[in-house]
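Written below as C-alpha cells is the structure these notes are about.
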Amino acid sequence: MLEDSFTELERTRLEKLHALQAEGLEPYPTRAEQTHTSQEAIDAFIRAEEAGDEIPIKVTLAGRLRALRTMGKIAFAHIDDRGGRVQLFFRINDLGEKKMAELDKFFDLGDFIQASGYMFRTKRGEVTLYVEDFKLLAKALRPLPAAKDEMVDGELVRHATLSDPETRYRQRYVDLAVNPDVQKIFKVRAATVRALRQFLDDHDFIEVETPILQPIYGGAAAKPFVTHHNQLHQDLFLRISFELYLKRLLVGGLERVYEIGRDFRNEGVSFKHNPEFTQLEFYWAYADYLKVMDFTEQMIAFAAEQVLGTTKISFDGKEIDLTPPWNRLELRQGLIEATGIDIDEHPTAESLEAAMKAKGLTAKPGSSRGKLIDALLGDFLEPNFIQPTFLYNYPRDISPLAKNQPGNPTVVERFEGFVGGMELCNAFSELNDPLDQEQRFLEMGRDYKSDDEERHPMDDDYLNALSYGMPPAGGFGIGVDRLVMLLTGRRSIREVILFPHLRSLAEDDSN
RNA sequence: GGGCGUGUAGCUCAAUGGUAGAGCAGUGGCCUUUUAAGCCAUUGGUUGGGAGUUCGAGCCUCCCCACGCUCACCA
C-alpha cells in the first residue's frame, strides 16, 4: 500500500488531509479555474499602473504552492504556474479567522491552490495577488525536495535543491517541479523540433510516419530489439532507422519526405547513447550529398536562430559558431593530416593494418578496411571537430546504402557532420541502382561474420521497390537529442530526454 | 562487460574504528506588507542491502544493488 511507504512527514500531511475532509473540505476537487497565468496577471497590472488606470485587475490564479510565510494575521505565499511565479497576500481582515486558520492548518508546500482577488504592489515593490478567496485544488502528500528560492534582480536563485542524478531521472516529475532549468531544457527541445519541422515544411517536404515494428530491420548498422506478435506468430524488430521505408516513398513519387520519430538500438548506454532516441531523416529527390550539405548547415543555423536567437552557442566550455558555411574536409585528407596515413595507398584491410602498425597504432583484428578507417576517424578526427565540420567521401564497405563517387569504386558520396567533438548527422547520395544495392547487401553478408548482429539483412521488398525506379536523391539523418544537447549546453543525453532509460530497481531491495 | 568513484534525516551535506550531526523542510508557539522572513522550542536515522574482522564499524574486508565517470561497444 502507498501509505506503508510514507515517512513521518508524509503521515503528517495525510493527517491534514483527513482533518480538512472532516471540516467538509475537498482535497481533490474536480473543478478548477485559472483566468490568468502569473505572468499575464503581473503584466496586466503593470500596464494598468503605467496607464494610470484605477480599475482593479481581478484575476483567479492557480498553481503549486512553493513558499508560505504565515505571520499571524497576514501571510505571504508564492505559487508556480506555467507563466512563472507570483506572490499571494492573505489578510485576516478580508478572509476571516476561519479561512486564515485553514491556510495555516491544512496547506503544505507543494499543494495546488486556486486564489482569486486583485493585483497590487507591496511596500517592497513586488506585484502580488491580494487574495479575497482561495481553495485547495490538490493535496500533495509527499514534500518536494527544494526548500528555498530567492529572487535577485529578477533572477530566480535556487539554494539547496534536488541534484542527485538518479532521483532526478527516475522521478523526473519531481525534478521538473523543482528545477526551472530542467523545464527550460524541454521547452528548448520542443522549440527545436518545431523549428526543424518548419524549415522542412517551408521547403516543400511532407512529414510521414513509417512502421516502428518491422519484419526486417535495416538502414543502419546496429543491433535491434526483438519483439513478438502473438496472433501472427511473427517476430518483429523495433526499427533502427527510417531509411528504407522513406526511400520506398521516393519510389512512390513523394519527392521530398521526412520523419521525426524514435529509433531503438540494442546497444551500450553512454552520455551520448540512449536505447531509444529521436531521429530526423529526410529524403530529397533530385538532390545529392553536396546539396544536402548546404541545406544541413542552413537548417541547423535556422533552428539555433529560432530557438536561441543566435547561431553562437556554448558547449562543454567551448564557444561554437553554427553560422554557415561550416568547415569541409575530405575524409582521406583529414586522415593524412591527423595520422600521416593515406588510405588511398591502402586498398585492402591488410595493407592499411600494416600501415597503422608501422605508426604504432593498434588495429582490432579481423576488421574490414572500412571499419579500420572508421576507427581512425573516431580516434583522430571526431574529438577535434569542435567547430561544425563536414567530413565527406567515405569508404564504400561501411556505407552500403550510399552511391559511389563517379569513377571511384571504393569511395561513396557520403558525409557526416560533427559539432562539439560529437557526430551529429549523416547523409549521402542515395544508392538507387537495384542491382548494385543487391550486390552491397551480399557483400555485407560476406564481409561481416554471420553472427554479427549488425550486418545488414537482405531486404527483398526494398530491392523490389528500387526495381521500379527511384529518382536520384540526397538523404539525411540527424540525432535530435544531440542537437538539443548542443543547443542547451548539456553534456549528457540523459539531460535532454525526459525519461532516460535506467535499470529497473529490484522489487525487494533488502537482498 | 572491465576499471575508478559515489550511496548518511524529505533535500543539500558533515562526522580519527569510540554517544550519528548541521542547514533547510516538518511540528508547537510569537508575529498585520514579508520575501532564503525572523525569534523560541522541538520531532525526525535499517548510514543502499547482506555477511565478516573487531571489545566496538557510517568508516576496514568480501558479496550484492543502484547511480556517475571512463574504457570497450556505438554505419
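Being a predicted model, the structure only gives us computed values, none of them experimental. We name chains A, B, ... by the order of the sequence lines, and we start the count at 1 in each one.
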Checklist line | Rounded distance (Å) that lies between atom C1' of B:G26 and atom CG of A:L68 | finding: 13 Å
Check: Of the nucleotides B:U32, B:G26, B:U70, which one has an atom closest to the side chain of A:R91?
Finding: B:U32
Notebook entry, point to check: So is A:R491 actually on top of A:F271's ring, under 6.0 Å and inside 45° of the axis?
Noted result: yes
Margin query: Assuming nearest nucleotide by heavy-atom distance, tell me which of A:D164 and A:I74 is located more 5' along RNA chain B.
Written below: A:D164
Check: Regarding A:R328 and the six-membered ring of A:F390, is the cationic atom NZ or CZ under 6.0 Å from the ring centre and inside 45° of its axis?
Finding: no
Check: What nucleotide, of B:A75, B:U34, B:U27, holds the atom closest to the side chain of A:E416?
Finding: B:A75
Next item on the list: Assign the ring pair A:F295 / A:W284 to parallel, tilted or perpendicular, where the plane angle (0 to 90°) is split at 30° and 60°.
Entry: tilted
Next item on the list: Specify the separation, in whole Å, of atom CG of A:N93 and atom C1' of B:C31.
Entry: 15 Å
Notebook entry, point to check: Of the nucleotides B:U34, B:U32, B:G10, which one has an atom closest to the side chain of A:T128?
Noted result: B:U34
Check: Is there a donor-acceptor pair closer than 3.5 Å between any side-chain N or O of A:E281 and the backbone N or O of A:I478?
Finding: no
Checklist line | Mate of B:U12 where both pairing distances stay under 3.5 Å, Watson-Crick or G-U | finding: B:A22
Check: Base, sugar-phosphate alone, or nothing: which one does A:R124 contact when heavy atoms must sit under 4.0 Å apart?
Finding: base
Item checked: Any donor-acceptor pair under 3.5 Å from A:Q437 side chain to A:P400 backbone -> yes
Check: NA contact type, A:K105, heavy-atom cut-off 4.0 Å: base, sugar-phosphate, or nothing?
Finding: nothing
Checklist line | A:T122 side-chain proximity, nearest of B:G10, B:C11, B:U35 | finding: B:U35
Strictly under 3.5 Å: I want the nitrogen or oxygen pairs between protein and nucleotides 40-43 of chain B, one per line.
| from | atom 1 | to | atom 2 | distance (Å) |
| --- | --- | --- | --- | --- |
| B:U43 | O2' | A:E8 | OE2 | 3.1 |

Notebook entry, point to check: When you compare B:G68 with B:C30, how far apart are their P atoms, in angstrom units rounded to a whole number?
Noted result: 48 Å
Margin query: So, under a plain 3.5 Å distance rule, would you say the side chain of A:S163 forms a donor-acceptor pair with the base of B:U12?
Written below: no
Check: Within the distance-only criterion (no hydrogens, no angle test), does the side chain of A:T210 pair as donor or acceptor with the backbone N or O of A:Y245 below 3.5 angstrom?
Finding: no
Margin query: Under 4.0 Å, heavy atoms only, any strand: does A:R494 hit a base, just the sugar-phosphate, or nothing?
Written below: sugar-phosphate
Notebook entry, point to check: Can a cation-pi geometry be assigned to A:K247 and A:Y462, taking NZ or CZ under 6.0 Å from the six-membered ring centre and within 45° of the ring axis?
Noted result: no
Checklist line | Proximal nucleotide (of B:A75, B:A37, B:C67) relative to the A:R170 side chain | finding: B:C67
Check: Closer to the 5' end of RNA chain B via nearest nucleotide, is it A:G72 or A:S241?
Finding: A:G72
Check: Looking across every strand, which nucleic acid part, if any, lies under 4.0 Å from A:N426 by heavy atom: base, sugar-phosphate, or nothing?
Finding: base
Next item on the list: Report the base-pairing partner of B:A57 (Watson-Crick or G-U wobble, both distances below 3.5 angstrom), or none.
Entry: none
Note to self: Need one value for A:R121: base, sugar-phosphate or nothing, where a base atom within 4.0 Å counts as base even if backbone is also close, heavy atoms only.
What the structure shows: nothing
Check: The side chain of A:A220 lies closest to which of these nucleotides: B:A75, B:U35, B:G26?
Finding: B:A75
Notebook entry, point to check: Once the angle between the rings of A:F282 and A:F476 is folded into 0 to 90°, is it parallel (under 30°), tilted (30 to 60°) or perpendicular (over 60°)?
Noted result: parallel
Next item on the list: Using a heavy-atom cut-off of under 4.0 Å over every strand shown, decide if A:F120 touches base, sugar-phosphate, or nothing.
Entry: base
